[in-house]
Amino acid sequence: MSEHLSERPTDAILSCEGLGKSFGAVRALSDIAFWARRGEVTALIGDNGAGKSTLVRCLVGVHQPDAGSILFDGAPHPFSNPDEARKAGIETVHQNLSLIDELTVAQNLYLNREIVRRIGPFPLLDRRAMDKGALAMLSRLSINVPSVGQRVRRLSGGQRQAISICRAVGAGAKVVVMDEPTAALGVQETANVEALIRRLKEEHVSVILVSHNFDQVRRLSDQVWVMRAGRVVASVRAAETTGNQLVALVTGAH
């Protein structure tokens, strides 16, 4: 069931080796080896405090690791901040979504990369072009919202999550990192977001999924990494394991 943790495959798009991170006297990560394959959904599981969020934050430049190396798209990439990771092609969808309620769907999709046209010396937002582009982005991922001119505060939790994911893909992401993307959603909205994750895979976008929902992990992921007490303790193919086996790996009963 397990794979040798040090054997990074040739098709890994994001990986790390020997990664370590401490906060004062607290050792958060110890000698972490991890990789995510191109075009796959890679899940990261473990109890609270296992180090999942710290690992992800090191990979995307929020934290600077104390030791180890990070490779992205075949080259060494110790990102110094999340903007560097974003420019390279790694987008993170946070639990708080980072959407601006009073802006429209289209404005949120083009936030910080607005389309501007010039009339003489004056730059103006090209709202028509952004609305058209927003429709194309939503259509590509089969996302339904009432209108691209609708303010985000009027959307449901599932629609907001879909917009946040769509913005990441629309920015040209090669990897989308999702931290508990359905934790606050109902059954139907969870199903919609899971369908969206499957469509990302069909689009050959790599997904790193942090989740406590083992059934969801087994439904969506190709590879599952298990963390415990700041270490990676197992790496398994989702199709070759069961929910009970994942529980045992997380708790140390395996």
Has the side chain of Q245 got a donor or acceptor atom that lies under 3.5 Å from a matching backbone atom of T242? yes
So which heavy atom on A85 is nearest to which on V60, and how close? CB-O, 3.4 Å
Which value, rounded to the nearest 0.5 Å, describes the distance between R218 atom CZ and L246 atom CG? 7.0 Å
Might you confirm whether atom CZ of R113 has over 12 heavy atoms from other residues, nucleotides or ligands at distances under 6.0 Å? yes
Between R27 (side chain only) and L29 (backbone N and O only), is there a donor and an acceptor less than 3.5 Å apart? yes
Main-chain N/O of P181 paired to Q161 side chain as donor or acceptor, under 3.5 Å: yes
Check: E189/S156 side-chain N/O donor and acceptor closer than 3.5 Å: yes
Closest approach of D31 to G18 (non-hydrogen atoms, all atoms of both residues): OD1-CA, 3.2 Å
Looking only at heavy atoms, what is the nearest atom pair of L155 and P146, with distance? CD2-CD, 3.9 Å
Going by atom types alone, do S235 and Q223 pair a side-chain donor with an acceptor below 3.5 Å? yes
Is M137 linked to L103 within one hydrophobic cluster, defined over Ile, Leu, Val, Met, Phe, Trp and Tyr using a side-chain heavy-atom separation of less than 4.5 Å? no
Min side-chain heavy-atom separation I208-M178 under 4.5 Å: no
Of all the heavy-atom pairs spanning A168 and V176, show the shortest one and how long it is. CB-CG2, 4.2 Å
Is a salt bridge present between R38 and D11, judged by a nitrogen-to-oxygen distance below 4.0 Å? no
Is there a side-chain contact between I90 and K174 in this structure, where contact means two heavy atoms from C-beta onward sitting under 4.5 Å apart? no
Which atom names give the shortest non-hydrogen contact between K21 and P65, and what distance separates them? CD-CA, 4.2 Å
Does R154, at its CZ atom, have more than 12 non-hydrogen atoms belonging to other residues, nucleotides or ligands within less than 6.0 Å? no
Compare all side-chain heavy atoms of C16 with those of L59 and state whether any distance is below 4.5 angstrom. yes
Taking Q64 for its side chain and S80 for its backbone only, find out whether a donor-acceptor pair lies under 3.5 Å. yes
Considering only NZ, NE, NH1 and NH2 on the basic side and carboxylate oxygens on the acidic side, decide whether E40 and K201 come within less than 4.0 Å. no
One should read off an interatomic distance between F72 CZ and S15 OG, to the nearest 0.5 angstrom, of 10.5 Å
Closest non-hydrogen atoms of Y110 and I115, given as atom of the first, atom of the second and distance, are CE2-CD1, 3.8 Å
R140 with E203: basic N within carboxylate O range, under 4.0 Å: yes
Is E202 reaching over with its side chain to a backbone N or O of R199, donor-acceptor style, under 3.5 angstrom? no
Are L209 and T42 side-chain neighbours, meaning at least one heavy-atom pair lies under 4.5 Å? no
Straight-line distance of L19 CG to L55 CG, nearest 0.5 Å: 6.5 Å
Could you tell me how the ring of H63 sits relative to the ring of F23: parallel (under 30°), tilted (30 to 60°) or perpendicular (over 60°)? perpendicular
Look only at the side chain of S221 and the backbone of V224, and say whether a donor-acceptor pair between them is shorter than 3.5 Å. no
Under the 3.5 angstrom rule, does the side chain of W225 hit a backbone N or O of W35 as a donor-acceptor pair? yes
Will you find, in the side chains of Q216 and S211, an N or O donor that is under 3.5 Å from an N or O acceptor? yes
Test: R86 and D83 ion pair at under 4.0 Å: yes
Just by distance, no angles: are the side chains of R151 and T104 close enough, under 3.5 Å, to form a donor-acceptor pair? no
Yes or no on salt bridge (charged side-chain N to carboxylate O under 4.0 Å, His left out) for K52 and D179, after CA distance, side-chain angles and deciding distance? CA-CA 9 Å; K52 305 183 302 297; D179 187 1; over 6 Å; no
Main chain of V247, side chain of T251: is a donor-acceptor contact present, judged purely on distance under 3.5 Å? yes
What distance do C166 atom SG and L109 atom CG have between them, rounded to the nearest 0.5 Å? 5.0 Å
Residues R118 and D126 bridged, charged N to O under 4.0 Å: no
Without swapping roles, check the side chain of D73 against the backbone of I13 for a donor-acceptor pair under 3.5 Å. no
Looking only at side-chain N and O atoms, does D47 offer a donor or acceptor that is under 3.5 Å from a partner on H212? no
Return yes if some donor-acceptor pair links the side-chain N/O of R228 with the main-chain N/O of G51 below 3.5 Å, else return no. no
Separation between CZ (R117) and CZ (R127), nearest 0.5 Å, reads 10.5 Å
Distance check, rounded to the nearest 0.5 Å: Q159 atom CD versus L185 atom CG? 11.0 Å
